[in-house]
Amino acid sequence: MLRIPCPHCGPRDEAEFSYRGDATVTRPGPEDGIEAFHGYLYERRNPRGWQVEWWQHGAGCRAFLKVLRHTVTHEIRAVATATEALEVPEA
Amino acid sequence: MSQPHRLAAGGHVDRTRRVSFTFDGRRYEGHPGDTLASALLANGVRLVGRSFKYHRPRGIFSAGVEEPNALVELRDGARREPNTRATVVELFDGLAATSQNRRGSLAFDWMAVNGLLAPWLGAGFYYKTFMWPAAYWERVYEPLIRKAAGLGRASGLPDPDRYEAAHAHCDVLVVGAGAAGLAAARAAGATGARVILAEQDALPGGDLLNEPGLEPWRTEALAALAAMPEVTIMPRTTVFGFYDQGVLGAVERVADHLPEPPPHTPRQRSWTIRAREVVLATGAHERLIAFPGNDRPGVMLAGAARSYARRFGVRAGENVALFATHDGAYDAAFALAEAGARIAAIIDPRPDSPAMQRAREAGFAVRAGSVVSATVGGTALRGIELRAAGGSGRGDAVAADLLMISGGWNPAVHLASMSGAALAWDEGLQAFVPGPPAQRERSAGACRGVHGIGAAAADGAAAGRAAAIAAGFAAAPDIALPDAPAPDHRPHPLWEVRGRGKAFVDIQDDVTADDIRLAHREGFSHIEHAKRYTTHAMGTDQGKTGGIVGAAVLAEARGEPLAKVGLPRFRPYTSPIAWGAMAGEGVGAHFQPTRRTSLHAVHEAAGAVWMDAGIWKRPAYYPKREDADAWASVLREARAVRERVGICDVSTLGKIAVEGPDAAIFLDRVYANTFSTLPVGRARYGLMLREDGIVFDDGTTSRIGPDRFFVTTTTAQAGPVMQHLEFHLASVWPELDVSLASITDQWAGIAIAGPKAREVIAGVVSGLDLSNEAFPFMAVADCMAAGVPARLFRISFSGELAYEIAMPAGYAAHVWQAAMAAGAPHGIEPYGMEALGLLRIEKGHVAGSELNGQTTAQDLGLGRMLKKKGDFIGRVLAQRPGLTDPSRPRLVGLRSLDPRRQIRAGCHLLLPGGDGSSQGWITSATQSVVDPGWIGLGLLRDGEARIGSEMLAANPLMGEEVPVKVISPHMHDPENLRVRA
Amino acid sequence: MPRYSGFRILAEGLRGNSGWQPAWRKPAPKSSYDVVVVGGGGHGLATAFYLAEVHGIRNVAVLEKGPIGHGNTGRNTTIVRSNYLLPENNNFYEHSLKLWEGLEQSLGYNVMMSQRGVINLFHNDAQRNAALRRGNSMRLNGIDAEILDRDGVKAMCPLVDLDNGRYPVMGGLLQRRGGTARHDAVAWGFAHAADARGVDIIEHCEVTGMIVEGGAIQGVRTTRGEIRAPKVGLAVAGHTSTLTDMAGFRVPIETHLLQAFVSEGLKPLIDCVVTFGAGHFYISQSDKGGLVFGGGLDGYPSYGQRGTLPEAEHVYAAGISMIPALGRLRGLRSWAGVMDMTPDGSPYICKTPVRGLYMTAGWCYGGFKATPGSGWCHAWTIAKDEPHRLNAAHTLDRFREGRMLDERGNGPFFWAQ
């Protein structure tokens with residue numbers, strides 16, 4: 001079971017959160033066309049390794065958080081608020 | 001009723017009290033402190049079960065969780081528990097156990113004929129036959145196999161007991177309360193850390209329970225732990241899995257040692273434990289040796305026989321042989337000798353060792369350089385055959401009624417492995433031990449190959465101290481450790497003695513060394529293939545005693561080192577766990593929460609029939625005595641709305657307050673239509689799309705002030721819409737100054753609909769001019785309703801003149817009663833979900849069956865709502881060709897040509913005389929009150945073009961085919977005159 | 001004469017079972033093949049079998065990084081059915097089910113396909129209407145389906161608690177031809193039969209790179225050297241993105257966990273496959289006696305093959321809510337597979353942006369039942385360089401075109417399928 005350190009509420013069980021996809025994508029502008037939105041919505045990264053992803057603390061502060069998590073070990077290395085930058089490490 | 005094999009003194013049983021129990025209907029006695037297995041042995045019961053495939057007689061093999069053989073059906077009636085290991089069942093008065101997997105009696109199981117067929121029932125035989133004729137598999141072969149397979153019988157009755165789920169946090173979790181675990185807990189506890197010490201046994205101590213000389217250290221350690229306020233000892237608690245990030249699952253058997261749980265007590269409690277640091281002190285399981293007849297009742301692990309003698313005061317045999325490959329097993333011979341047994345022989349493949357010398361000095365007949373090549377006897381051991389190690393053929397016979405065996409020890413690495421740690425091969429111990437940790441855990445004692453009580457305790461103390469320091473606590477003074485020199489546990493690598501007869505590597509599933517070799521010969525040489533092909537180590541014991549032996553046989557066949565062959569991956573659970581415990585309390589009526597609106601009691605008093613709407617309970621209809629059936633009630637309620645006035649609870653609709661300077665901009669982006677132009681005091685129907693252009697939800701949203709909106713959602717999507725808004729505000733448009741609050745629970749909603757609605761509202765609401773001019777369709781205003789603050793909306797789902805009153809939830813019953821009183825002169829009637837559905841279908845309003853996540857705005861005839869300018873969610877991808885394809889099914893109305901013939905949602909629409917291909921389907925159906933007969937809404941290819949034509953509503957599942965006419969979905973008052981009246 | 005038969009078992013039993021040969025050879029890889037199939041699970045092995053059997057393409061290698069059948073083929077709940085709503089899906093799955101029905105005879109290997117019936121329970125009007133729409137869609141496409149009332153459910157599965165206190169059972173949609181099969185045997189049977197037709201099954205051979213030149217596939221790099229092939233098919237459930245990353249393009253896939261569970265062995269207790277409509281739960285009993293059951297996704301991307309505790313607890317709770325007699329039985333083992341989740345819940349059997357590179361992927365958690373159909377259609381697509389009509393809709397481009405195959409209307413979220 002994941003334990004996610006919410007910056008507002010402290011470490012909490014995964015059951016309080018819900019996953020909401022890759023947080024490295026940016027919604028295209030209204031004039032960017034179907035191909036751009038297709039990339040945004042469907043062609044997500046699916047790394048075997050580190051991923052920055054959205055989680056909502058739905059049963060807590062309800063904030064959307066960026067979580068740096070490893071998709072094999074499930075280790076969580078960093079959590080940021082929605083407006084903070086959180087990068088995927090190189091290796 | 002004597003216990004002929006019970007010792008006069010010693011051990012942890014209370015001889016002052018007697019406990020009565022039955023096995024296969026016969027009465028026996030034991031003592032508190034016994035397990036079912038120790039009590040059976042005390043009474044001389046050797047034969048306790050039959051094996052899985054060949055139905056060979058089987059006895060008690062171990063003294064713990066690793067037991068492959070002694071599986072019984074415990075208790076009876078609804079509490080029957082099949083496959084229960086007699087070796088871990090604490091004896092209680094009145095215990096009833098039955099042997100399982102037999103036809104006929106345990107002694108004369110006629111399925112034992114399978115043993116004669118063994119040459120044809122080897123590993124995987126079923127994959128190679130039973131293929132012809134094709135139809136015979138389900139009809140003939142498989143039923144025979146299924147009947148023969150399986151172990152015990154389930155009761156088939158609902159479990160009468162209750163289970164709890166509980167949660168715990170600690171700095172250091174210590175798993176296992178043997179010498180290592182006790183020392184670890186003491187060392188960690190001494191630092192002030194919060195420690196949980198979980199032990200699967202009822203008695204903490206592990207191997208200390210077999211060492212009377214060390215009992216003072218055990219009791220002193222327990223007393224010290226009991227004195228530490230931050231230390232919790234959890235006996236009868238099995239840690240079954242090590243999950244991510246320091247979370248472990250455990251089951252506490254609260255009442256399994258009692259005939260039934262006392263009042264207000266669960267049978268078991270499942271624990272989710274979150275630990276900063278974990279010390280695994282799970283010990284080791286003794287390893288069997290594969291030799292012909294190694295499964296006969298009377299063959300027992302050496303450590304188990306020692307434990308029966310020392311802990312339980314039971315002599316498991318009178319004339320005893322020991323077959324061991326290392327010095328660590330020899331204490332069993334001494335223990336049995338102390339217990340009064342005769343040591344007939346000690347058989348050891350090694351030439352010499354310190355333990356052998358001591359055994360010789362004690363007068364035991366030591367057969368160095370020898371192995372056991374066969375066992376003799378029927379359902380009980382009578383003797384063994386020996387021969388020189390490395391030799392072949394038959395050897396000397398030695399009479400014995402108990403053969404104690406030990407091929408070494410298998411560290412219980414299950415939890416370390418589940419935590420992600422790789423396993424490492426230890427050549428000296430001929431065993432896999434935990435490699436470097438992947439999580440914050442460390443192993444101590446026998447589970448990492450440190451044997452002997454003194455060494456294990458020292459290892460545990462070091463691990464406990466290190467864990468506490470890692471958890472942030474300061475080191476504390478050293479604790480006293482027991483002084484107990486350990487014999488050498490490093491075994492001579494002897495896995496198998498070959499000879500005539502079956503040498504089992506998995507005693508429960510009847511897997512022999514020959515089966516493993518057959519698997520290899522057929523190419524199933526990878527350990528996972530061999531396991532799956534032979535079912536090796538897949539029984540309830542998960543190969544705790546013989547798993548590695550099978551791997552070793554495979555390694556030899558492959559000609560590769562065992563370290564390379566490896567073991568199958570360890571997965572939860574360390575031991576089987578009760579389904580009820582994993583499920584906890586959230587079952588049956590509590591499987592999901594039940595949501596009730598603030599008007600629930602009002603509906604209950606009105607006699608509502610309930611229906612589930614998601615997790616909500618909503619009134620379906622309100623039957624009256626004169627109603628012939630449910631339809632009569634529904635039609636009566638709908639008629640009241642069409643002709644007079646009705647009242648309905650709409651509190652379950654989602655309600656979201658959207659406020660802030662950028663609220664209007666935000667709503668313009670999340671709705672497909674425009675809200676920034678909505679005047680204050682007006683409501684508008686809104687349509688939300690998902691980003692993929694599919695309709696997400698609809699609802700009425702009102703502007704309460706320049707920066708304040710009141711959004712409503714459908715009942716089903718209240719949560720998802722809230723999350724959708726929050727997500728986009730946080731991630732896509734964080735610059736917008738908007739706040740969101742879900743107020744579904746705070747506000748109740750009451751709809752009052754029908755030609756007389758205005759009169760009823762006038763009797764309830766004050767402070768508003770209700771005239772059509774002052775308060776027209778889609779008007780919104782704050783008001784007082786029955787003396788309480790409220791908000792009035794002139795909106796309509798039914799297609800009639802209608803209002804919704806929103807008020808703080810606590811006032812809802814008060815307002816409802818005022819409305820009922822005001823409506824009484826007008827014949828007001830409450831209407832439920834069924835009538836609501838009828839009315840909206842007549843009106844052509846879409847609901848959940850049409851907003852099903854597969855439809856576009858165009859599909860639903862709402863395409864014109866999409867604004868032409870500006871960004872909104874779903875705008876771009878809604879333009880994809882597949883979604884704008886004119887051949888997509890469109891919303892239509894349908895009417896059964898024969899008003900008596902029912903059409904149903906889920907019928908498909910076919911062309912009369914066509915090829916039978918589906919042209920669409922019916923999404924919703926009902927009887928009509930404005931034009932009696934069956935009507936519906938549907939999605940139909942070329943729907944608009946087909947209005948006026950006839951189709952068939954086909955329901956082959958129910959053998960129905962009903963001619964229907966395609967009509968406009970707006971069947972009732974298409975000009976909207978009534979809602980604007 | 002078939003290699004495996006009752007007669008052969010009799011004969012071998014009389015001479016100590018010493019004459020059995022490996023079920024498939026263990027060849028070293030050649031430097032080139034006509035077709036390389038990456039992934040030695042059920043889908044990859046089936047692809048190779050049908051390439052050889054139907055299309056006569058026998059110079060084929062199946063490359064598997066571990067032992068065959070050890071991915072999702074060996075860690076699922078073994079359910080086989082074709083009870084889908086959308087014609088594009090139910091026609092495909094029905095083709096697959098028909099292949100299942102003759103699979104033992106095609107392969108000469110007993111995969112223990114057992115048509116015990118699959119029931120989907122429903123608990124309210126909306127679920128019943130959806131079951132009717134789906135069942136009628138099946139019937140109109142020539143697929144067997146029946147609607148059961150409460151008595152019908154009780155007769156098929158007497159242990160189901162029809163009045164479970166929270167979501168009483170209203171009825172069920174039954175597909176009698178659905179059932180279960182022995183999952184491991186499916187991989188072994190396809191391997192055995194493909195091998196007999198000349199296919200090289202190369203285990204412990206991990207693909208480390210894709211050789212793409214001029215937009216066309218030329219072969220693969222592996223831990224056992226470079227292997228050239230003008231056509232390469234991917235059948236690597238859960239790891240598709242890793243391979244397509246190597247080939248230089250992205251696919252709409254996110255990899256998620258699905259847990260499954262088995263109980264201790266029991267005498268026959270549950271005779272059919274039954275799914276709970278009020279919570280994500282399904283159960284059947286294996287021929288060995290274990291109850292095999294599972295639930296929904298763990299809810300976040302993972303390649304870890306390691307499940308989470310709260311989802312497991314939910315699965316057990318749903319089980320007892322449906323069948324209260326399960327309470328005193330014991331869970332023996334749980335495991336997790338990694339699933340290619342797609343944004344509409346439907347798979348890809350298609351060509352890719354790289355010429356000569358094909359894939360069968362995106363099986364979400366429905367891949368096992370598709371095994372023969374997937375292999376059959378994938379083989380067709382590889383052999384003909386165009387899809388069969390049964391998989392014409394299962395393209396990567398369907399999201400670009402807005403032609404999603406969204407059975408349940410949950411899209412476009414990978415984790416919500």
Side-chain angles (χ1 to χ4, degrees), chain B residues 81-83 119-120 122 125-131 134 138 142 145-146 149-151 153-154 156-159 243 249 518 521-523 526 528-529 532 540 571-572 576-580 582-583 586-589 591-592 612 692 852-854 880-883 905-906 908 918 921 955-957, chain C residues 4-6 9 13 17 20 22-24 67 70 104-105 109-110 114-115 124 129 132-133 135-136 139-140 145 147 159 164-166 184-185 264-269 287-289 308-309 313 316-317 320-321 324-335 401-403 406 409-412:
Chain B
E81 295 151 39
N83 307 333
W120 300 281
F125 77 94
Y126 29 77
Y127 299 127
K128 300 171 187 165
T129 184
F130 303 139
M131 289 177 271
E138 278 95 344
E142 191 185 34
I145 289 177
R146 286 176 85 91
L151 294 165
R153 299 164 303 155
L157 298 169
D159 184 357
Y243 295 88
L518 174 62
R521 208 174 307 137
E522 296 198 64
H526 190 279
E528 293 283 357
H529 279 166
R532 288 151 183 263
T540 63
R571 298 201 178 91
I577 48 168
W579 196 306
M582 275 297 276
V587 299
F591 174 58
Q592 280 184 346
D612 287 307
D692 66 352
N852 64 357
Q854 298 166 325
R880 288 178 288 173
L883 295 184
H908 283 250
S918 173
W921 63 95
N955 183 8
L957 284 174
Chain C
Y4 299 135
S5 66
I9 286 181
N17 285 303
W20 295 109
W24 62 93
H70 193 46
E104 273 95 3
Q105 292 71 37
Y109 204 88
N110 189 353
S114 175
Q115 295 181 288
N124 57 43
N129 295 347
L132 279 173
R133 181 186 166 199
N136 280 327
R139 289 286 289 265
L140 292 171
I147 203 90
L159 295 182
N164 61 59
R166 186 65 189 88
D184 292 324
E264 294 181 340
L266 300 159
K267 292 298 176 196
L269 185 68
D287 284 346
K288 187 165 180 247
T308 188
L309 187 53
E313 290 169 344
Y316 280 86
I320 291 201
S321 300
L326 296 173
R328 299 185 93 80
L329 308 178
R330 297 189 195 89
L332 174 61
R333 202 163 55 238
S334 77
W335 61 94
E401 295 164 4
R403 299 187 199 278
D406 192 347
N410 287 343

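Protein chains get the first letters and strands the later ones, always in sequence-line order, with residue 1 at the start of each.
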Is chain C contacted by the side chain of [X], its backbone, both, or neither, given a heavy-atom distance below 4.5 Å?
{"X": "B:Tyr243", "answer": "side chain"}
{"X": "B:Trp921", "answer": "side chain"}
{"X": "B:Leu157", "answer": "backbone"}

Look at [options] and state which one has the largest set of heavy-atom pairs under 4.5 Å with chain C.
{"options": "B:Ala905, B:Gly150, B:Gly586, B:Gly523", "answer": "B:Gly150"}
{"options": "B:Ala154, B:Gly249, B:Ser918", "answer": "B:Ala154"}
{"options": "B:Glu522, B:Arg571, B:Glu528", "answer": "B:Glu522"}
{"options": "B:Ala134, B:Ala578, B:Ala583", "answer": "B:Ala583"}
{"options": "B:Thr129, B:Ile577, B:Val587, B:Thr540", "answer": "B:Ile577"}
{"options": "B:Gly156, B:Pro158, B:Gly580, B:Ala589", "answer": "B:Ala589"}

So C:Trp24 and B:His529, would you call those rings parallel, tilted or perpendicular, with 30° and 60° as cut-offs?
-> perpendicular

Hey, which of [options] has the most heavy atom pairs under 4.5 Å with chain B?
{"options": "C:Asn164, C:Ile147, C:Asn410, C:Leu266", "result": "C:Leu266"}
{"options": "C:Arg133, C:Arg403, C:Gln105", "result": "C:Arg133"}
{"options": "C:Glu313, C:Glu104, C:Glu401", "result": "C:Glu401"}
{"options": "C:Ala23, C:Ser334, C:Pro324", "result": "C:Ser334"}
{"options": "C:Gly6, C:Gly13, C:Gly289, C:Ala145", "result": "C:Gly13"}
{"options": "C:Pro268, C:Ala185, C:Gly135, C:Ala317", "result": "C:Ala317"}

Does any backbone or side-chain atom of [X] lie under 4.5 Å from a heavy atom of chain B? Answer side chain, backbone, both or neither.
{"X": "C:Leu159", "answer": "side chain"}
{"X": "C:Asp184", "answer": "side chain"}
{"X": "C:Ile9", "answer": "both"}

For a salt bridge (charged side-chain N to carboxylate O under 4.0 Å, His left out) with C:Glu264, tell me which candidate from C:Arg328, C:Arg330, C:Lys288 qualifies.
-> C:Arg330

